[in-house]
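In what follows, a structure is listed as structure tokens, so that the remarks can point back to it.
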Amino acid sequence: MGYSIGDVRNVALAGHGGTGKTTLFEHLLFAAGVIQKPFEVESGKTVSDWTPEEAERKISVHAVLASFERAGKKINLFDTPGASDFTGEAILGFRSSESALLAVDAKSGVQIETIKLMRNLDERKKPRAVVVTRLDEERADFDRVIEDIKEKFKVDPVPFSIPMGAGSGYKGVIDVLNGKAYLAGGDAGDSLEKEGAVPAEYQAAVDAAREKLIEAAAEGDNEMLEKYLSEGTLTPEEMHTGLIEAYMHNQFVPIFASAAVKNSGLAPLLDFFAEVAPSPVEAKDVLVLPDGSQKEIAVMEKGALSAFVVKTSYDQFSGKLSYVKVITGKLVPESEIFNVTENKKERVGKLYTAVGKKLTEIRELGAGDSGIIAKSPSLKTNDTVSSGAALPEGALFLPLRLPEPVHSVAVNAVQKKDEDKLGEALLRAAEEDRTFRYNFDAETKETVISGMGELQINIILDKIKQNQKIEIETRIPKVAFRETITKKASAEHTHKKQTGGHGQYGKVVLDIAPLPRGDYYKFNNAIFGGAVSKGYIPGVEKGVAEAMARGTMAGYPVVDVEVTIVDGKEHPVDSSELAFKLAGRGAFRKAMAAASPTLLEPIMNLTVFVEEKYLGDVMSGLSGKRGKIIGQDAIGGGIVEIKAQAPAAELLRYSIDLRSITSGTGSFSVEFSHYSPISGRIAEDVIKASPYMTQDSDDE
Ligand SMILES: Nc1nc2c(ncn2[C@@H]2O[C@H](COP(=O)(O)OP(=O)(O)OP(=O)(O)O)[C@@H](O)[C@H]2O)c(=O)[nH]1
Ligand SMILES: [Mg+2]
């Protein structure tokens with residue numbers, strides 16, 4: 001039997017790299033009785049970091065789902081990687097969860113990736129709690145982290161659990177809601193925390209925290225708030241209801257204390273998932289209608305099936321796995337569904353629930369629940385599936401909103417014979433991780449792969465090298481420069497050939513003029529009196545298009561030019577479309593050469609997040625890259641957001657540079673802004689380095 005929708009909780013665990021998410025995940029599973037023994041991340045044997053790439057690097061790379069029961073509730077917990085290279089995995093966790101848990105290291109406070117994740121949750125208006133981790137380590141300071149959260153997130157944190165001691169004096173946590181102390185388990189991490197009475201020395205702190213909790217609960221409901229204001233307290237039931245309401249509406253941020261390696265702080269978290277975290281009933285999902293507008297849809301058991309594919313992975317043993325969240329109705333094994341995105345029927349084979357790589361077959365997956373469909377060939381991440389008329393015509397579930405790639409490299413197989421194999425493997429990698437893209441750039445004749453950073457790209461390439469046994473070469477990709485003109489010009493060109501029998505003849509006179517940036521191309525026919533018949537004009541246009549595909553300066557495409565055919569001449573026998581095409585091409589080239597052509601380079605918008613201490617270095621680094629600082633904004637807590645523009649040609653290795661300038665703490669995003677003219681030395685270098693050495697020979 002599936003779980004009833006009110007008994008399901010989907011929660012995504014996310015946060016800056018190395019804050020202890022995977023360790024917490026492991027120990028939560030231990031405390032929930034799912035695994036017999038928790039492992040350390042370093043052993044490569046944890047439920048979450050089990051792939052060779054994770055075991056080798058001791059970091060998480062993939063989002064991992066573990067489903068388990070707590071107090072009759074089914075909890076689907078996603079552990080996600082913290083490195084910005086794998087931010088797509090955190091986003092998919094958010095997309096399929098009603099709430100999130102952000103991990104913040106008790107020594108370091110709120111770090112850059114966590115701020116970005118918090119903003120991402122803000123955009124989705126998703127409730128989120130914070131777990132303060134690694135409180136057993138030296139320099140851990142719970143109160144300082146609370147202040148930091150206040151400052152950086154601009155929220156009033158409400159502790160649900162508070163620590164007893166810190167560092168070597170760490171003893172455990174106190175569950176504020178239930179007024180219980182939990183003494184940390186043994187150092188070996190294999191004994192559970194033990195319930196006990198609240199030590200007298202913490203009573204005042206617990207009372208104060210409880211007061212805050214009651215206030216947060218009272219805010220959940222107006223009637224309750226009035227009662228609280230007049231009577232000064234709430235019953236436990238009222239408090240429970242109030243907390244659920246207020247948290248569901250994202251009115252406060254609950255805080256938890258933990259030291260996962262000591263199995264400490266786990267019980268209050270598990271209870272919170274089961275008792276307070278919102279179920280899918282309270283959360284709506286979002287559809288995108290054919291006209292582009294968005295519409296909320298209730299997650300509900302009744303009605304036909306609809307579901308959304310959040311993740312795709314290829315497993316050596318189980319084959320292709322499609323992670324789905326059911327939105328309406330229910331999913332059953334051995335059934336037929338419809339892939340709405342692909343407009344294709346699809347067979348569902350077996351259905352699974354997961355604890356990391358361990359899959360367990362299930363008989364059904366109900367609304368709001370997350371699970372896995374195995375071996376369904378057409379399913380891919382972001383697909384909408386349904387049966388019957390579950391959804392409005394043409395409606396699809398809101399896709400993952402992923403950031404644009406910030407790092408690209410050109411790749412090829414060392415052995416020509418391996419090219420196809422490489423292409424297939426890259427395609428598969430792009431299916432598994434939607435922030436990773438694979439493109440053949442017809443313009444530069446390169447296979448370019450792009451993603452969120454060097455780390456992500458190296459991990460993908462290493463995996464392909466090992467699994468496919470192929471050698472791969474990488475290079476810095478070529479930049480897609482453009483050419484344009486800066487003034488008006490005219491030119492004529494006659495294509496004439498007399499090689500016995502049928503000749504070729506066409507004469508074209510063109511005016512060309514600059515268009516505003518981004519307007520690309522416009523063609524006008526201004527022939528009067530039929531000097532060139534209408535039937536030959538498409539030929540002229542083709543010739544112009546050919547000439548524009550390869551400019552006269554360095555062979556890059558020509559953009560932002562208005563072309564007008566003003567005159568010409570034809571021959572009653574020898575004229576043809578081909579002759580006019582060649583005439584059009586020749587005329588354009590001559591006109592362009594006379595129109596003071598210039599090279600254009602792509603300029604990118606950059607958003608950089610850095611710690612204040614690196615601000616100066618980052619700024620001067622950017623100006624060394626011909627960057628223009630547009631603004632800077634202190635986010636609080638010593639973190640600054642810089643907005644800048646810089647040429648794409650200067651940013652090819654920026655993810656690597658920024659990493660080294662900021663000791664790995666900085667992070668950035670880029671998007672294309674516009675094309676901008678270049679001249680002087682920079683233009684000369686581009687022309688010299690042009691991949692288009694040979695031009696088609698011009699004919700007269
Ligand atoms: N002392 C102590 N160490 C911890 C605790 N939690 C995690 N660690 C250590 O911190 C390091 C990073 O832990 P992970 O669990 O891999 O952190 P993560 O947040 O999953 O890292 P990414 O997934 O790569 O972002 C490991 O060496 C852990 O052993 C804790 O509660 N106490
Ligand atoms: Mg991890």
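Start at 1 and go down the list; that is how both ligands and their atoms are numbered.
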Ring center gap for F272 and Y247 short of 6.0 angstrom
yes

Min N/O separation T80 to ligand 1 under 3.5 Å
no

Measuring from non-hydrogen atoms of K262 to any atom of ligand 1, is the shortest distance under 4.0 Å?
no

Restricting to non-hydrogen atoms, name the atom on F30 and the atom on Q36 that form the minimum distance, rounded to 0.1 Å.
CE1-O, 3.2 Å

I want to check a possible cation-pi pair here: K21 against F25, using under 6.0 Å from ring centre and within 45° of the ring axis as the test.
no

Least distance between heavy atoms, A354 atom then L359 atom
CB-CD2, 3.8 Å

Within 4.0 Å of some non-hydrogen atom of I59, the atoms of ligand 1 are 24 (O)

Measure from the ring center of F668 to the ring center of Y654 and say whether it is less than 6.0 Å.
yes

Going by atom types only, do D207 and Q203 share a side-chain donor-acceptor pair under 3.5 Å?
yes

S48 near the Mg ion (ligand 2) via N/O/S, less than 2.8 Å:
no

Ligand 1 contacted by G18 (non-hydrogen, < 4.0 Å):
yes

Return the residue, atom name and 0.1 Å-rounded distance of the protein heavy atom closest to atom 30 (C) of ligand 1.
V261 CG2, 3.4 Å

Can you list the atoms of ligand 1 that are under 4.0 Å from a heavy atom of A260?
31 (O)

Among all protein heavy atoms in this structure, tell me which lies nearest to atom 11 (C) of ligand 1, with the distance rounded to 0.1 Å.
R134 NH1, 3.5 Å

Considering non-hydrogen atoms of the protein only, which is the closest contact for atom 19 (O) of ligand 1, and what is the distance?
K21 NZ, 2.7 Å

Given V324, which partner from the list L365, D369, D383, V310 fulfils the side-chain contact (heavy atoms from CB on, under 4.5 Å) test?
L365

Where does E137 meet ligand 1, judged by heavy-atom distances below 4.0 Å: at the side chain, the backbone, both, or neither?
side chain

Are side-chain N/O atoms of T114 and Q111 paired as donor and acceptor at under 3.5 Å?
no

Rounded distance [0.5 Å steps], CG in L321 versus CG in L379:
11.5 Å

Note: ligand 1 atoms sitting under 4.0 Å from heavy atoms of A259 are 31 (O)

With a cut-off of 4.0 Å, which atoms of ligand 1 are near a heavy atom of G17?
25 (O)

Min N/O separation S60 to ligand 1 under 3.5 Å:
yes

Contacting atoms of ligand 1, where contact means under 4.0 angstrom from a heavy atom of E42:
26 (C), 27 (O), 29 (O)

So do the side chains of P268 and V173 get within less than 4.5 Å of each other, counting heavy atoms only?
yes

Is R70 close enough and on-axis enough to F273, meaning under 6.0 Å and within 45°, for cation-pi?
no

Decide whether an N or O pair under 3.5 Å exists between G82 and ligand 1.
yes

Strictly under 4.0 Å, does any heavy atom of E40 approach an atom of ligand 1?
no

Closer than 2.8 Å to the Mg ion (ligand 2), do we get an N, O or S atom from T22, backbone or side chain?
yes

Which bit of D136 gets closer than 4.0 Å to ligand 1, counting heavy atoms only: side chain, backbone, both or neither?
side chain

Contact check: D49 vs ligand 1, nitrogen or oxygen atoms, below 3.5 angstrom:
no

Suppose I only count heavy atoms of T23 and a 4.0 Å limit; which atoms of ligand 1 are within that range?
6 (N), 7 (C), 13 (O), 14 (P), 15 (O), 28 (C)

Before signing off on this row, confirm whether G20 and ligand 1 have an N or O atom pair separated by under 3.5 Å.
yes

Report the C-alpha separation of K643 and E641 in whole Å, then their side-chain angles, then the decisive distance to 0.1 Å, and conclude whether the salt bridge (charged side-chain N to carboxylate O under 4.0 Å, His left out) test is met.
CA-CA 7 Å; K643 297 250 184 235; E641 176 179 355; 3.4 Å; yes

Can you find a side-chain donor-acceptor pair between Q456 and T435 that sits under 3.5 Å?
yes

Taking 4.0 Å as the limit for heavy-atom contacts, which would you say applies to V41 with ligand 1: side chain only, backbone only, both, or neither?
side chain

Could you measure the distance from the CG atom of L28 to the CG atom of L266? Nearest 0.5 Å is fine.
5.0 Å

Atoms in ligand 1 flagged as close to T19, the criterion being non-hydrogen separation under 4.0 Å
17 (O), 19 (O)

Numbering the atoms of ligand 1 from 1, which are under 4.0 Å from a heavy atom of T22?
15 (O), 18 (P), 20 (O), 23 (O)

